[in-house]
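For clarity, every value in this text was computed on a predicted model and none was experimentally measured.
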Amino acid sequence: SPDSQRYAYEAKDGDAYVLDGTKLWVASTPAAASRNIYTVEPTGTIRAFTTANASVLAPYMNVSPADATNVIDFVRNMPLGAIVGSTPAIMDPPSLDPPPDTDYPGFSDANKNRRGIIWVGANDGMLHAIDSRLGVEVWAFIPFNLLPKLRTLRDGQPDDKFDSFVDSSPNLADVKIVRAKSDDGGWRIESRFGARAGTGQVENLIGKLSEARGEPRLGRERHEGDA
């Protein structure tokens with residue numbers, strides 16, 4: 001598959017920028033044992049996609065626990081998959097131009113040093129969060145609906161029956177959640193993404209970021225009418 005690359009730009013004629021040809025990085029994944037890959041159960045519980053959870057994930061993957069171990073190990077050892085129809089979204093520190101909300105300045109100040117993350121879907125079944133400075137995957141998320149399809153990555157696909165996975169573009173925004181019966185509201189970064197040809201279902205994935213390192217604490221929102 002084509003490399004996911006980031007190039008340097010230089011200023012020309014004032015505010016105009018042109019590509020200077022310097023490659024900053026080629027996107028990559030950490031060693032298989034070090035990857036932070038997650039999925040979600042129907043209850044909304046976030047589950048690490050590791051062989052230690054093979055018996056829990058096997059029914060959702062439509063395979064035996066032994067085969068689930070094999071598939072999980074295969075997926076964790078894969079390189080970054082092909083990016084087909086997904087346009088990357090970039091997460092930077094919060095805007096310095098505050099909205100008319102008294103809670104926003106505190107949120108902005110607490111997250112002013114959060115790391116830049118590039119979010120993109122790939123045909124390996126995952127939404128990837130990639131460090132924008134280094135090009136290395138920080139974590140990845142596998143939508144629940146794609147769990148049964150993961151074994152096709154290992155088994156191979158015929159040319160006339162190609163399976164798509166996370167083939168849609170993520171949307172990012174700093175949003176304020178207001179809940180009358182919950183203390184889980186306030187400002188946060190929220191990503192919504194679908195799989196387009198992969199499943200057609202939209203996932204609402206919440207990444208709550210720590211002030212110091214920008215590490216995600218994942219959650220999946222359930223809205224009225226969700227199954």
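In this structure, the separation between CD1 on I46 and OH on Y38 is 9.5 Å, given to the nearest 0.5 Å. One finds the CD1 atom of I37 at 12.0 Å from the CZ atom of F141 (value rounded to the nearest 0.5 Å). For the atom pair CG (L150) and CG (L57), the distance works out to 9.5 Å, reported to the nearest 0.5 Å. Rounded to the nearest 0.5 angstrom, D174 CG and M91 CE are separated by 8.5 Å. Of the inter-residue distances, the one linking I130 atom CD1 with I117 atom CD1 reads 9.0 Å to the nearest 0.5 angstrom. Within the model, atoms OG of S108 and CG of D103 stand 12.5 Å from one another, a figure rounded to the nearest 0.5 Å.
Residues R35 and P30 are in side-chain contact: their nearest non-hydrogen atoms beyond the backbone lie under 4.5 Å apart. Counting heavy atoms from C-beta outward, I83 and N123 have side chains that stay 4.5 Å or more apart. In this structure, L127 and W119 have side chains that are in contact, with non-hydrogen atoms separated by less than 4.5 Å. At least one side-chain heavy atom of L146 sits under 4.5 Å from a side-chain heavy atom of V166. Counting heavy atoms from C-beta on, the side chains of M78 and R154 never come closer than 4.5 Å. Counting only heavy atoms from C-beta outward, the side chains of D131 and R115 approach each other to under 4.5 Å. Using a 4.5 Å heavy-atom threshold, the side chains of E137 and S28 count as separate. With a 4.5 Å cut-off on side-chain heavy atoms, S86 and P170 count as touching.
When all heavy atoms of P93 and R114 are compared, the closest pair comes out as CA-NE, 3.7 Å. Minimum interatomic distance between I72 and A54 (heavy atoms only, all atoms of both residues): CD1-CA, 3.9 Å. Taking all atoms of both residues into account, the shortest heavy-atom contact from P88 to I118 is CB-CG2, 3.8 Å. When all heavy atoms of G135 and W25 are compared, the closest pair comes out as CA-CD2, 3.3 Å. The two residues F165 and T152 make their nearest non-hydrogen contact at CZ-OG1, 3.5 Å.
With respect to the salt-bridge test (charged N to carboxylate O, under 4.0 angstrom), the residues R76 and D73 do not qualify. Taking the charged nitrogens against the carboxylate oxygens, R151 and D67 have no contact shorter than 4.0 Å, which rules out a salt bridge.
In this model, no donor atom of one side chain and acceptor atom of the other lie less than 3.5 Å apart for N111 and W187.
At least one cation-pi condition fails for K176 and Y104: the charged atom is not both under 6.0 angstrom from the six-membered ring centre and inside a 45 degree cone around its axis.
For the pair S55 (side chain) and P65 (backbone), a donor-acceptor distance under 3.5 Å is absent. Checked by atom type and distance alone, the side chain of D124 pairs as donor or acceptor with a backbone atom of G81 at under 3.5 Å. Side-chain N or O atoms of N62 include none that pairs as donor or acceptor with a backbone N or O of P148 at under 3.5 Å.
Between F144 and Y60, the distance separating the two ring centers is shorter than 6.0 angstrom.
Residues V63 and V56 do not share a hydrophobic cluster, defined by chaining ILVMFWY side chains whose heavy atoms lie under 4.5 Å apart.
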